[in-house]
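From a predicted model like this one, the values you see are computed outputs, not experimental measurements. All chains are named by letter (A, B, ...) in the order of the sequence lines, taking the proteins before the strands, and each is independently numbered beginning at 1.
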Protein chains: 2
Amino acid sequence: MPAQQAASPARSRILAAAETLFYDRGITAVGVDLIAEHSGVTKRTLYNQFGSKARLVAAYLAERDRRWRDLVREAVDRCEDPADAVTAPFDALRTWNAASPRGCAFINALAELPDPAHPAHRVAEDQKRWLLGLFRDLAAAAGCAEPDALATRLLVLHEGTLATGPLPFDTLPDTVDLARRLVRADV
Amino acid sequence: MPAQQAASPARSRILAAAETLFYDRGITAVGVDLIAEHSGVTKRTLYNQFGSKARLVAAYLAERDRRWRDLVREAVDRCEDPADAVTAPFDALRTWNAASPRGCAFINALAELPDPAHPAHRVAEDQKRWLLGLFRDLAAAAGCAEPDALATRLLVLHEGTLATGPLPFDTLPDTVDLARRLVRADV
DNA sequence: TGGCTGGTTCACCGATCAGTATACCTAGGA
DNA sequence: TCCTAGGTATACTGATCGGTGAACCAGCCA
């Protein structure tokens, strides 16, 4: 299926059901029968579209990653000051977190699927690698002295707020504040 | 069973097998049959000891928490300078992380078990609450101006390095360095 | 000696798991 | 008109899931 071509309606419905079910209840805990039922589709169709549960999981993560990158890029593009742009992913995180009370779908997927050969691993690692690279590029563009070290620290702060999201502490404001101060101190 | 009394040898063996299997392969992916087999014990005995898989999971996390707190307390006690003590949990993290390539067992457990009523939730939340409180107390003892905000930020850094542990980036050195600078700047 | 405790062996329960087989239906294009 | 692609419906596989029932056995203490 070329990227341009629209996905079949059945495929879209399966993917939508998979996204909510996998994220809300966990990947291992959700069976393919349940996803087929929730998307109003036969299990046969599901397997014709995705081939296996593992590939469906990878597709679910890839779709989620796509939506998330769009949100981050929007937040970055909205900034006029290059220094503000460096912490723009944290603004996106505020929106994203509100709809994601169960933490980071990619970290959760790695937690559930230990096998490094599982196709979900590539997707999850690529997502974090992309964010780290984005932080580095934005930091360099803003004229930071140590873009690599700064990017690593921003990534850790980002993942830390995501990871503590499901916990009953509100860590976001203090973290965003710290991220901004780090950038300004390094410019 | 009182706390003083030694656990039965069967119970200890079950718990040991559960620790490695649950952490390495995931909680949902590991069945009670497998744990019974690895600990050289009957499933009947396992259920006599723990009652249900959910309680066995909670016991596994509680045992892991106990070992981890011991490690952290040791690291704190080793410090002479109160300012160094604030970041002592990060020294413990270096040791801990080396044996824990699959990230934080407690975060992973929350990822796999969405039901807030699951007994594992209490254990996991208590673990993070304890660490947050420890950071606050250590910061206050070191004379920090804003112990609450500092503790939140240190917790986020701590969870961030744990969460990025399974990823192919080395985030620990930059993070520990940042944590130390934060403490010194706030003293 | 007798009873209790903690452990054993083994068979079993209904439900669910990922994945497949077979056959039928239907809309669209050549 | 016929073929094909994508979908449906239903039934099925063997394995595994969490959890239970029943009978038995060895050591320990009174």
Side-chain angles (χ1 to χ4, degrees), chain A residues 1-2 4-19 21-22 24-61 109 111-115 117-121, chain B residues 1-19 21-61 109 111-115 117-121:
Chain A
M1 183 193 65
Q4 268 74 357
Q5 188 177 334
S8 88
R11 187 184 176 93
S12 305
R13 264 166 28 225
I14 295 167
L15 219 38
E19 273 211 65
L21 287 172
F22 279 151
D24 290 344
R25 310 193 193 179
I27 293 169
T28 316
V30 167
V32 287
D33 299 79
L34 188 65
I35 293 177
E37 188 192 327
H38 268 66
S39 47
V41 144
T42 321
K43 202 158 57 152
R44 184 81 262 187
T45 303
L46 190 154
Y47 273 91
N48 283 342
Q49 286 290 339
F50 295 95
S52 70
K53 183 183 178 181
R55 283 210 282 273
L56 173 58
V57 170
Y60 140 65
L61 289 177
E112 287 204 66
L113 311 167
D115 180 11
H118 194 290
H121 272 247
Chain B
M1 186 192 66
Q4 268 73 358
Q5 189 176 334
S8 87
R11 186 184 178 95
S12 304
R13 258 158 42 216
I14 295 168
L15 218 40
E19 272 212 65
L21 287 172
F22 279 152
Y23 182 75
D24 290 343
R25 310 193 193 180
I27 293 168
T28 316
V30 168
V32 287
D33 298 79
L34 188 65
I35 293 176
E37 187 191 327
H38 268 65
S39 47
V41 145
T42 321
K43 202 156 59 148
R44 184 81 263 189
T45 304
L46 190 153
Y47 275 91
N48 283 342
Q49 285 290 339
F50 296 94
S52 71
K53 184 184 180 182
R55 283 209 282 273
L56 173 59
V57 171
Y60 141 65
L61 289 176
E112 286 205 67
L113 311 167
D115 180 10
H118 194 290
H121 272 248

d(CD, B/Glu37; P, C/dC10) in whole Å: 14 Å
Ring-face cation contact, A/Phe50 with A/Arg11, 6.0 Å cut, 45° max: yes
For atom CG of A/Asn48 and atom P of D/dA9, their distance in whole Å: 14 Å
Distance-only donor-acceptor test (3.5 Å): side chain A/Arg44, base D/dG7: no
Whole angstrom value for the distance that separates P of C/dT9 from CG of B/Asp33: 15 Å
Presence of donor-acceptor pair under 3.5 Å, side chain of A/Lys43 and base of C/dG19: yes
Euclidean distance, atom CZ of residue B/Arg25 to atom C1' of D/dT16 [Å, nearest integer]: 14 Å
Nucleotide nearest A/Tyr47 when distance is taken to its side chain, options D/dT20, C/dT8, C/dA18: C/dA18
A/Arg11 CZ - D/dG6 P separation (whole Å): 12 Å
Sugar-phosphate, base or nothing in reach of A/Gly40, heavy atoms under 4.0 Å: sugar-phosphate
Value rounded to 0.5 Å, distance of CG in B/Asn48 from CD1 in B/Ile14: 9.0 Å
Integer-rounded Å distance: D/dT20 P and B/Lys53 NZ: 15 Å
Atom-to-atom span, CG of B/Leu34 to P of D/dA15 - whole angstrom: 17 Å
Nearest-0.5 Å distance that lies between atom NZ in B/Lys53 and atom NE2 in B/His118: 8.0 Å
Contact under 4.0 Å: B/Thr45 side-chain N or O vs C/dG7 OP1/OP2: no
A/Leu56 side, atom CG; A/Ile27 side, atom CD1 - distance, nearest 0.5 Å: 9.5 Å
Euclidean distance, atom CG of residue A/Leu21 to atom P of C/dA18 [Å, nearest integer]: 12 Å
Options D/dG19, C/dT9, C/dG7, nucleotide nearest the side-chain atoms of B/Gln49: C/dG7
Partner of B/Val57 by side chain to side chain contact (heavy atoms under 4.5 Å, CB included), out of B/Val30, B/Thr28, B/Leu113: B/Leu113
